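First up is the structure itself, then whatever we jot down about it.
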Amino acid sequence: NLSDRLQSTISKLRGTDKLTDDNIKEALREVKLALLEADVNLLIVKEFVNSIKKEVLGAEVEKGLDPGKQFIKLVHEKLVEIMGTNPEDINVKKGGLHKVMMVGLQGSGKTTTTGKIAKKFQDVNPLLVACDVYRPAAVDQLLTVAKRAGVTSFEKGTDHDPVTIAKEGLEKAKAGNHSLLMIDTAGRLQIDEKLMEELARMKEAIRPDDILLVIDSMTGQEAVRVAKTFDDTLGITGVVLTKVDGDARGGAALSIRKTIGKPIKYIGIGEKLDGLELFDPERMASRILG
Amino acid sequence: VFGDGKLDEDKLEEFEDLLLQGDLGVEVTMELVDHLRQGWKDGKYKTVADIQESLKTKIQEELTLKISPLNLSESPFAVILMVGINGVGKTTTTAKITSLFQKLDKKCMLVACDTFRAGAVKQLETWGERLDVTVVKGKENEDPASVAFEGIKRAKQEKVDILIIDTAGRLHTQVNLMEEVKKISRVVEKALPGAPHETLMVIDSTTGQNAIEQAKVFNEALDLSGLVVTKLDGTAKGGVVVAIHRQLQIPIRFIGVGEQVNDLQNFNPEEFTEALFA
Ligand SMILES: Nc1nc2c(ncn2[C@@H]2O[C@H](COP(=O)(O)OP(=O)(O)OP(=O)(O)O)[C@@H](O)[C@H]2O)c(=O)[nH]1
Ligand SMILES: Nc1nc2c(ncn2[C@@H]2O[C@H](COP(=O)(O)OP(=O)(O)OP(=O)(O)O)[C@@H](O)[C@H]2O)c(=O)[nH]1
Ligand SMILES: [Mg+2]
Ligand SMILES: [Mg+2]
């Protein structure tokens, strides 16, 4: 992990009373490599390392404090700062109608996460809407997920425009005493103009309170471009990082926070519908540093 | 992409950045760039074009394995086992490969060994209907190994040419699930010695460095015969396969370039390398 890697470079800082451009060069390089190996986007890594450098230069090495530990402490703190303060749950209240659209690339975990969030809020009577008309048996999957989560679902087969289905789902939610509307959409490439425009139309028709971008935590360098395009097109309100129960370092989380600045609300930690947790910025920062 | 021109340290850094952003990873990138820097210092490379050429050649060589073609004419039939982590495209790729073999006049049969995930069997059955192939399935939550066994039995009865077994997504860190997929493979081998003739791991091209660890664990468990890299119709370059190739020498059989049944191509090292620099 980073502290081990920094051991030899940092030991050279012992006895110095000031951190200078020269003596932290190697340490900064170690941070750069650690973040790249954790899949943080290259441009974000460069920005981060520069900001660390600015902060560290001229810093007095506190008497009695191991300069290496001080350096790592600073890196960790800076990461946590970027990761965001403790996240807010989505703002669901009984009696209101909170509308959520789930979006993201193919296979990231949208349908499963839709079920997880619904299960978490099952006491406000959620309604799940099956708006993926493309993937074989996607509607089936969403209906089964709803059943397993103990919540209601709405579907209109696969021969209708997903926006029409969403609108009808909204009407059903209003009429049926549901306080949470979760719209599951088909996975799509952020460069697919037609499908991105479909989401924009859906947003226009539904006026959601939340648009959650569901991202696989093992995503590599491309996380930035994906997040940016979804955000530019739709205005993402929050992110869910999935498959965090794996051992990917999760650098995509840092890239996304830095790029679109939206809160990471939840992490998916398993395939079952109870596998959802609130995002913990401290734990994610430690994981990324390795 | 870099125009032509004098070589300098900045230009080298531009190449380094390109490789890193393509998900080639720190180790592979540094090694490639060090080689370029050495060639530059030795006077072997003089211009940016020289560097680009050398880089393309090296990467392409890295990805070219003398591989035997897919084992398709096994007797009584060939068995292909599809594995990989969650959501990478195993089920869709199973359908694509089936369609490819049908065009070669092979009779195919599919086995739905994902007995756990919501809608998984339905998804494969839908593909089966579209392609007019039999899909062998079990009961919900049945032991996937027993469904695989049933698949072999049915394939023998119906004299198929190729049996493709689709399995549930699983993280390489889930020990019990890795044991489960090993068991599927063992049961298949017992039911038909020599099978599975191909064990293909499907990898999502948007994955970062974790794909290396995934491939290592799956390879250790199952002795993979090939990889399929999916979603290359997106903006990710899939550069992590260079490291996988280097460390594990597993041939890349196919790439997925879309969600339709025809969106499968044979892996072409030259095209893949060109795309890295596009
Ligand atoms: N281990 C693990 N698996 C997950 C998690 N979230 C989702 N999955 C699995 O990932 C796979 C894909 O999940 P889906 O919910 O179908 O993904 P999707 O985004 O709806 O896929 P498309 O609709 O095709 O774009 C499934 O096998 C899920 O069980 C998670 O947090 N951990
Ligand atoms: N754009 C694109 N999408 C793909 C490709 N291959 C698969 N997909 C999509 O990725 C999503 C997941 O595909 P699946 O075939 O269900 O993946 P899987 O590995 O079987 O998923 P699990 O069984 O849940 O682990 C679906 O939306 C597919 O349409 C590809 O090459 N390009
Ligand atoms: Mg889905
Ligand atoms: Mg599948």
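Residue numbers start from 1 in every chain, and the chains themselves are labelled A, B, ... in the order their sequence lines are given, proteins ahead of strands. The shown structure was predicted, so the numbers you read here are calculated from the model rather than taken from an experiment.
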Residue, of I85(B), T207(B), V240(B), T126(B), that accumulates the most heavy atom pairs under 4.5 Å with chain A: T207(B)
Within 6.0 angstrom of E220(B) CD, more than 12 heavy atoms from elsewhere: no
Heavy-atom contact with chain A under 4.5 Å, split by part of E27(B): neither
Short side-chain to backbone donor-acceptor contact, K243(A) and N86(B), under 3.5 Å: yes
K231(B) versus chain A, the contacting section by heavy-atom distance below 4.5 Å: side chain
Gap between atom CD of Q221(A) and atom CG of L19(B) - 0.5 Å precision: 11.0 Å
Side chains of M218(A) and L171(B) in contact at under 4.5 Å (non-hydrogen atoms): yes
Taking every non-hydrogen atom, the tightest pair across V145(A) and A118(B): CG2-CB, 3.9 Å
Options D39(A), L189(A), T144(A), ranked by heavy-atom pairs under 4.5 Å with chain B, top entry: D39(A)
Segment of R249(A) engaging chain B (4.5 angstrom heavy-atom cut-off): neither
Residue among V26(B), T235(B), T173(B) with most heavy-atom pairs under 4.5 Å to chain A: T235(B)
Top contributor to chain B contacts, counting heavy-atom pairs under 4.5 Å, from E37(A), K147(A), R225(A), K32(A): E37(A)
Proximity breakdown for L143(A) and chain B, heavy-atom pairs closer than 4.5 Å: neither
Contact class of I191(A) relative to chain B, heavy atoms under 4.5 angstrom: side chain
Which atom of K272(A) lies closest to which atom of F116(B), heavy atoms considered: CE-CE1, 4.4 Å
K46(A), part contacting chain B, at a heavy-atom distance under 4.5 Å: side chain
Part of D245(A) within contact of chain B (heavy atom distance under 4.5 Å): both
Proximal component of R130(B), with respect to chain A [non-hydrogen, under 4.5 Å]: side chain
Contact class of Q214(B) relative to chain A, heavy atoms under 4.5 angstrom: side chain
Q123(B), part contacting chain A, at a heavy-atom distance under 4.5 Å: both
Distance, nearest 0.5 Å, that separates CD of Q21(B) from CG of L36(A): 9.5 Å
Structural part of E129(B) lying under 4.5 Å from a heavy atom of chain A: neither
Which portion of Q209(B) sits near chain A, non-hydrogen atoms under 4.5 angstrom: both
Rounded distance [0.5 Å steps], CG in D216(A) versus OG1 in T206(B): 6.5 Å
